[in-house]
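Working notes, structure below.
Because the structure is predicted, anything quoted here is derived from the model rather than measured. Residue numbers start from 1 in every chain, and the chains themselves are labelled A, B, ... in the order their sequence lines are given, proteins ahead of strands.
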Amino acid sequence: MNYSVKIDKKWQKRWEEQSLYKFNKDRIAKKLYCLPMFSYPSADKLHIGHWFNYGLMDVWSRLKWMQGYEVFQPMGFDAFGLPAENYAIKTGIHPRLSTMQNIDFMRKQLKAMGLICDWDYELSTCSKEYYRFTQLLFLKLYEAGLAYQKEAPVNWCPSCQTVLANEQVTEGSCERCQSTVTKKNLRQWFFKTTAYQAELVDCLKELDWPNETKRIQTHWIGRSEGVYVKFSVPKLQQELTVFTTRVDTLYGVTFLAMAPEHPLVAQLALPEYQEQVKQYVEAAKEQSERERMAGALGDKTGIFTGSYAEHPLTKEQLPIYITNYVLLGYGTGIVMGVPGHDQRDALFAKQYKLPIKKVVGENGEQEREVLINSAEFNGLQPKEAKQHIAQELAQRQLGGPGTEYRLRDWLVSRQRYWGTPIPIIYCPACGAVPVPEDELPVVLPDDVSFTPDGESPLKKCQTFMSVNCPKCNASATREADTLDTFVDSAWYFLRYPDNKNNSEPFDQKLINEMLPVDMYVGGREHAAMHFLYARFITKALRDLGYLNFGEPFRSLIHQGVILGTDGQKMSKSKGNTVSPDQYVEKYGADVFRMALMFGFAFREGGAWDEGFVRSITRFVGRMEQLFCELPGQTSSETIVNQKLDALRHRVIQKVTQMIERFQFNNAIAQLMELCTALGNYKAAGANFNKPFYRELLADFVRLLAPLAPHLAEELWSTLEHENSVFKEQWPNYDPKKLELSEIEWALQINGVVRQKLLLDSSIANKEDVEQVVLASEKVKPYLAGKQVLKVIVVPKKLVNIVLK
RNA sequence: GCCGAAGUGGCGGAAUAGGCAGACGCGCGCGACUCAAAAUCGCGUUCCGUUCUCGGAGUGUGGGUUCGACUCCCACCUUCGGCACCA
């Protein structure tokens, strides 16, 4: 064991003995909930990405700690999921066993990082104590109508004879056998995320989240404001409603198009068209969704129903087509075809020789596009026309404004074993019956066999499946599906602060005090998944009376991705993975985490490079030199070196700012500067003052502490301190001491820097500066024979003389 | 196709309420120490020219606004990400 690793172990042991990082609930008023996204214990150990996420968030948390916050930074495991199950099928090792082993290993690795973490709050989603309450939350959502069942297409591998999760489908093929995946309709469980679609969009603006992430969610939810328009089919005494965002193009409608699955299809198809329509619809159903949506703008096909609808305003007869490009799940499943102003309608119209009518265009003298061929609305700009036509429709009761969303409900059932069992019982007499709350948890059985025969292990487990109906006691069967692991992770941050609660998911009063999470750090790949699901669950629980807040994560930051040295994503198959352990064992935790800090912009990430460790190793070496063999001096008086003191205050200011902004690379750069300056001061000898130097060293260690906690403790102890440096307060800078008695100004002539001028800091106001500069010997040569047009003074920075 | 982000030395990356571009490092070069090497320390390091002190160019490309633009505006190119028949 080398020196650095000894230091790691020494201080980790001491922190534990002193219970230094125990979360103190008495100080809850000063709480700061710092949440790095919990880890997924797949067959892998901690990888470099975990270090980047946890190690660097810990820097921020430690700064906040030293600033006096009661930091709550818990760790846990997102332990259910597919990889463990696939591993079991391959090796016969039970997912519980492999997962538990992985967790044990990862916990050791995490502890070796030396994070601020109170391990009493650890949780794991695959433990009964946790999933019991995942099941309870499911039941509460079910009671509230926010969890429901409906038939839905799922991914089906015809070769493996099994349902696949979305993650198991890669480019339309089965991950395991490469067969083309088809769709199969099965009865599935959903969470009604759409019940919160409006709020999920609207509340985004109050969150301190990256704009890109907000944008992705906004787009994912996809709100469109538009108008519903009614078209009548007089012959059949039917009415068809369409949704459009372009009601201004209403006069350009030349046909109606409806989804093949639309319930009115059979009715609209006239007898002589029935057969063809039936064939078309059947064929459309056969097509996988993938085929149907092939390419950017797939082939538009369709078939005429024989029926005509009447244009609400012009009473024109419009043919009604069944088409493959209209989706049943969005809007009304019927579209008004405007080939003049919609690319898809245009493609379709060309193929089926339907008329194309332009209703917006340039109109002679007017520059902007206006309505044409639109009766009394001609000449209006599209924006006005939208309003006028909508009004007209509303007046005649032919339509009205409406809003549609792209968001679909969240399909939460998975036909897999290694997940939270869905607490529902199917009784032949009573139907779907929820498991009574006092019978939770529905325990996931261990004695199942992992034979890849296309059936979920749970289905084959008789002792699990057969049960009596809670209502009528008749023999019944359990739901064999389990919950999507994203359900487990959608509420874990609510469980952390009260992870030992045996009677309820969490104590409401406590959670309302502890949350929302103050700072969440997790990958941007979760933008439209985890971050959205967690928001939905929070809002649902709020409305169920559990919470008094509706947004779980006040601030959010995404760490970047660390790539292999080849610039490619790290993967075992490419052989470009970099193991953190080898560095930690050789150089210690602090050097490794500082290398990660210094080598990348935190939000960007990038390719790993050996050089990062080298530069930090050297830095640490130089730093340690500062503390050795202080030149002897008897003076007990503190003699301040003004220049060095100014640097100290600037570094304090910058390091604080940089850590707060997650710019750890800049924070280290600042410390390097201070380190160099201290080294020079020490080496210079003559004016060396020991008390002053020790004062600076003390500040240096305090500033270093969040970045390199073990090292800082060690250096702190060499300064003869008994207590942990984390009992110290974060240093404050003094704005008055940032400034030197002389300030260097840049002198520009016509905007180009020509000279540097040192001026006494007492020369401050514009007139004085201008006067001194123009009189300066250094400036005179530039002025010869020229006329000064203008002098621009940027305080304490720059003077620009504009000459003619 | 639509939406978004990013383009700065050989490399990682600094600097944006418009004010000295390239901080801090890696690498490289030269020097010191050494029999030698490694390690370490010192100096140099955007490019071109140079008389060694300057001059010119320079933050993807081309324009613009301004005393002054990596930063703001317009157009374009490249890369990456999100959505993708959402009416």
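Nucleotides G62(B) and C43(B) place their P atoms 38 Å apart, quoted to the nearest Å. Only the P atoms considered, A57(B) is 14 Å distant from G68(B), to the nearest whole Å. Straight-line distance between the P atoms of A69(B) and C76(B): roughly 24 Å, to the nearest whole Å. Separation of the P atoms belonging to U16(B) and C35(B) is 50 Å when rounded to the nearest angstrom. Straight-line distance between the P atoms of U65(B) and C73(B): roughly 16 Å, to the nearest whole Å.
Across all strands shown, G13(B) has no partner, as no Watson-Crick or G-U wobble contact with both distances under 3.5 Å is found. Using the Watson-Crick or G-U wobble rule with both distances under 3.5 Å, C83(B) pairs with G1(B). When Watson-Crick and G-U wobble pairs are counted only if both distances are under 3.5 Å, G19(B) pairs with C67(B). In this structure, G62(B) and C74(B) make a Watson-Crick or G-U wobble pair, each of the two defining distances being under 3.5 angstrom. As the counterpart of A36(B), no nucleotide is assigned, since no Watson-Crick or G-U wobble pattern has both distances under 3.5 Å. C41(B) and G31(B) make up a base pair, with Watson-Crick or G-U wobble contacts both under 3.5 Å. In this structure G55(B) sits in a base pair with C48(B), meeting the Watson-Crick or G-U test at under 3.5 Å.
Among the nucleotides G27(B), G4(B), G82(B), the one closest to any side-chain atom of Arg614(A) is G27(B). Checking A23(B), A87(B), C24(B) against the side-chain heavy atoms of Val335(A) singles out A87(B) as nearest. Comparing A23(B), C20(B), G12(B) against the side chain of Ala669(A) picks out A23(B) as the nearest. Closest to the Ser224(A) side chain, of the nucleotides A87(B), A14(B), A84(B), is A87(B). When distances are taken from the side chain of Asn800(A) to each of G68(B), C20(B), G25(B), the shortest belongs to G68(B).
Both cation-pi conditions hold for Lys300(A) and Tyr325(A): the charged atom is under 6.0 angstrom from the six-membered ring centre and inside a 45 degree cone around its axis.
In summary, Lys643(A) and Glu742(A) do not engage in a salt bridge, as defined by a charged side-chain N under 4.0 Å from a carboxylate O. Arg215(A) has no carboxylate O lying under 4.0 Å from a charged side-chain N of Glu212(A), or vice versa, which leaves the two without a salt bridge. Between Arg223(A) and Asp202(A), at least one side-chain N (NZ, or NE/NH1/NH2) sits under 4.0 Å from a carboxylate O, which counts as a salt bridge.
Counting non-hydrogen atoms under 4.0 angstrom, Asp342(A) reaches nothing in the nucleic acid. Tyr405(A) comes within 4.0 angstrom of no nucleic acid atom, judged by non-hydrogen atoms across all strands. Using a 4.0 Å heavy-atom criterion, one finds that Arg408(A) contacts the bases of the nucleic acid, with or without backbone contacts as well. Gly222(A) comes within contact range of no nucleotide atom at all, as no heavy-atom separation falls under 4.0 Å. Among the heavy atoms of the strands lying under 4.0 Å from Val794(A) is at least one base atom, whether or not backbone atoms are also near. At a threshold of 4.0 angstrom between heavy atoms, the contacts of Glu673(A) are confined to the sugar-phosphate backbone, with no base atom among them. Using a 4.0 Å heavy-atom distance criterion, Ile792(A) is classed as a base contact. Among the protein residues, Trp220(A) comes within range of the sugar-phosphate backbone only, with heavy atoms under 4.0 Å from sugar or phosphate atoms but none that close to a base.
Side-chain contact between His311(A) and Leu250(A) is present, with heavy atoms from C-beta onward closer than 4.5 Å.
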### Task
Quick one: do Asp342(A) and Arg246(A) satisfy salt bridge (charged side-chain N to carboxylate O under 4.0 Å, His left out)? Show the steps, please.
CA-CA 10 Å; Asp342(A) 183 284; Arg246(A) 290 296 307 275; over 6 Å; no
